[in-house]
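All remarks here apply to the structure that follows.
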2 protein chains.
Amino acid sequence: MIDITKPFMLYALCSVEYDGRAYSTLEKGRYLIIYKKDGSVIIHGSDLCKARNYQQSGSILSIEKDKLISINKKEKITIDIIEQINYTPLEDWSDSKIEISRTEKELVDKIANNHKLFINIEFAVIEREYRTDSGPVDLVCITPNNEYHIIEVKRNKATINHVTQLRKYVDQMQENDFKSYGYLASPEIGKNAVEFLKKNGFTWLKVDF
Amino acid sequence: MIDITKPFMLYALCSVEYDGRAYSTLEKGRYLIIYKKDGSVIIHGSDLCKARNYQQSGSILSIEKDKLISINKKEKITIDIIEQINYTPLEDWSDSKIEISRTEKELVDKIANNHKLFINIEFAVIEREYRTDSGPVDLVCITPNNEYHIIEVKRNKATINHVTQLRKYVDQMQENDFKSYGYLASPEIGKNAVEFLKKNGFTWLKVDF
DNA sequence: ATTTGCATGTCGACT
DNA sequence: AGTCGACGTGCAAAT
């Protein structure tokens with residue numbers, strides 16, 4: 001009836017139990033179950049984009065009486081099938097990925113290539129993904145007299161967390177005894193983030209696609 | 001043929017274009033399209049848990065010749081349907097949510113109720129969700145002489161970001177001239193997080209379910 | 001295999 | 001509506 005060797009979608013009256021990183025139950029009801037060729041299992045309810053339950057790529061699906069069981073390393077989903085409403089195998093399912101543009105990298109490039117428009121200083125060195133002991137910084141501009149202008153770039157609205165992240169980098173450079181300035185570059189920025197920026201003496205750079 | 005007044009799943013040969021927070025295209029292929037009663041649209045490829053494309057709750061779906069178009073505030077998905085392979089309306093789809101246990105709150109309670117096992121000090125006050133200007137702290141224990149022990153709790157492996165978060169809280173208390181100690185409590189902790197903890201003079205508390 | 005940080009993150013809670 | 005933090009975050013790239 002259900003062929004677990006092939007991808008399928010199954011609309012069924014069922015209940016679900018998950019045990020792994022947490023424990024959860026989904027009460028009896030009608031849900032959409034999807035099984036993919038990489039082993040992933042996805043269970044959708046009637047709203048929201050996120051699955052109610054899921055099991056990631058690499059999981060192994062088995063069937064036991066009326067139960068679908070998917071096991072990953074330390075995770076297990078048990079789907080108790082009470083009634084199959086619609087079972088459809090999915091043949092020749094495409095695995096193409098989406099092609100994305102307007103990424104963070106684009107913004108970093110834009111600032112790097114037009115830095116004069118953002119920070120009107122002559123720099124000796126401009127580096128992307130500049131390595132620090134606190135992780136890579138999106139963009140670092142260094143003056144001839146070794147002052148570090150540290151720029152953290154976000155592709156949409158910047159939040160207070162991103163200021164914290166920036167601060168981590170600036171502190172790191174200060175510890176290494178380099179005079180440093182912090183910048184957060186993004187198309188938009190939250191109100192609290194602005195305050196926290198000021199408080200830390202950092203600057204916001206508005207950058208758009 | 002396609003009734004956009006009701007939830008459905010549609011397996012179709014199609015291509016997809018998204019414009020909004022980013023821009024993306026999905027090349028022609030067979031994909032599974034799901035439409036839910038809250039307006040969400042989800043497009044799945046043959047692998048991974050995450051949808052290739054999606055539109056969140058509150059979007060409006062319309063149909064124009066062979067195109068399904070879903071619009072949200074500033075976002076738009078266009079699905080060019082070339083061939084319908086399987087169209088199935090989803091009747092009486094349940095909207096139950098999952099019931100979760102083993103949450104962060106459980107751990108917070110455990111530490112609060114057995115704080116002697118974690119920090120062997122007599123406290124005058126123990127507060128959950130303690131409000132600071134930098135946001136609520138999971139757990140704060142205050143000694144009779146007003147020393148603040150600030151505990152950030154994570155339900156699984158703690159990372160360097162969580163140390164940063166903890167530091168934000170501790171700094172906030174220091175600014176208010178309270179002597180403060182920082183703790184990160186979790187079942188596990190990453191190597192780099194341990195180092196960053198030490199560097200900040202904070203302490204890790206191992207806590208399990 | 002593990003760690004790190006991005007993401008069209010999503011989602012919920014609270015202001 | 002805007003902000004903030006949790007999430008079984010998922011996921012890919014780098015170490």
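Worth saying up front: this structure is predicted, and the values here are computed from it rather than measured. Lettering of chains follows the sequences in order, A, B, ..., and the numbering in each one begins at 1.
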Between B:His162 (NE2) and C:dT4 (P), how many Å, whole number? 12 Å
Would you kindly give the CD-to-C1' distance between B:Glu195 and C:dT3, to the nearest whole Å? 12 Å
Parallel, tilted or perpendicular: which fits the ring planes of B:Tyr183 and B:His149, with parallel below 30° and perpendicular above 60°? parallel
Just to be sure I understand the rule, does A:Lys76 reach a base, reach only the sugar-phosphate, or reach nothing, if contact means heavy atoms closer than 4.0 Å? nothing
May I have the distance from A:Lys157 (atom NZ) to C:dT10 (atom P), rounded to whole angstrom? 14 Å
For DNA chain D, whose closest nucleotide is more 5', that of A:Arg52 or that of A:Gln56? A:Arg52
Let me know the distance between CD1 of A:Ile100 and P of C:dT8, rounded to the nearest Å. 4 Å
Separation of atom CD1 in B:Ile189 from atom C1' in C:dT4, rounded to whole Å: 15 Å
Contact span of DNA chain D against chain A, any nucleotide atom under 4.0 Å from a heavy atom, 5' to 3', runs D:dT3 to D:dT15
Could you tell me whether the side chains of B:Asn72 and B:Ser59 share a donor-acceptor contact shorter than 3.5 Å? yes
Tell me whether the side-chain N/O atoms of A:Lys50 come closer than 4.0 Å to OP1 or OP2 in C:dG12. no
Counting any heavy atom closer than 4.0 Å, what does B:Lys74 reach on the DNA or RNA strands: base, sugar-phosphate only, or nothing? nothing
Determine, step by step, whether B:Glu91 and B:Lys6 satisfy the salt bridge (Lys or Arg N to Asp or Glu O under 4.0 Å) criterion, reporting the C-alpha distance in whole Å, the side-chain angles of both residues, the deciding distance to 0.1 Å, and the verdict. CA-CA 8 Å; B:Glu91 313 268 357; B:Lys6 292 189 301 183; 3.6 Å; yes
How are the rings of B:Tyr87 and B:Phe8 set relative to one another: parallel (under 30°), tilted (30 to 60°) or perpendicular (over 60°)? tilted
Find which nucleotide of DNA chain D each of A:Lys97 and A:Arg131 is nearest to by heavy atoms, and output the residue with the more 5' nucleotide. A:Lys97
Using whole Å, what does the distance between atom P of nucleotide C:dC6 and atom CD of A:Glu104 come to? 6 Å
Please determine whether a side-chain nitrogen of the Lys or Arg among B:Lys97 and B:Glu99 lies less than 4.0 Å from a carboxylate oxygen of the Asp or Glu. no
Do B:Gln84 and B:Tyr11 come close enough that some side-chain heavy atom pair is under 4.5 Å? no
Residue mapping more 5' on DNA chain C - nearest nucleotide basis, A:Val153 or A:Leu48: A:Val153
Please step through salt bridge (Lys or Arg N to Asp or Glu O under 4.0 Å) for the pair B:Arg167 and A:Asp171, ending with a clear verdict. CA-CA 13 Å; B:Arg167 181 172 144 174; A:Asp171 284 1; 2.3 Å; yes
Between A:Lys36 and B:His44, is any side-chain donor less than 3.5 angstrom from a side-chain acceptor? yes
Quick check: closest heavy atoms across A:Gln55 and A:Glu75, and the distance to 0.1 Å? NE2-O, 3.4 Å
A:Glu152 CD to C:dT4 C1': how many Å, rounded? 13 Å
Looking at residues at least two apart in the chain, or sitting in another chain, which of them share a salt bridge (charged side-chain N to carboxylate O under 4.0 Å, His left out) with B:Lys206? B:Asp208
Span that lies between the P atom of C:dT8 and that of C:dT4, in whole angstrom: 22 Å
Rounded to whole Å, CD1 of A:Ile98 lies from P of C:dT8 at a distance of 6 Å
For a quick check of understanding: with a heavy-atom distance under 4.0 Å over all strands, which category does A:Arg155 fall into, base, sugar-phosphate or nothing? sugar-phosphate
Distance check, C1' atoms only: C:dC14 and D:dG8, in whole angstrom units. 24 Å
Check if the side chain of A:Asn156 and the base of C:dT8 share a donor-acceptor pair of N or O atoms closer than 3.5 Å. no
Of B:Ile77 and B:Asn161, the one whose closest nucleotide on DNA chain C sits nearer the 5' end is B:Asn161
Pull out every residue in residues 20-31 of chain B that has a heavy atom closer than 4.0 Å to any atom of DNA chain C, ordered by number, or say none. B:Arg21, B:Ala22, B:Ser24
Looking only at atom P, what distance separates C:dA7 and D:dC7, rounded to whole Å? 22 Å
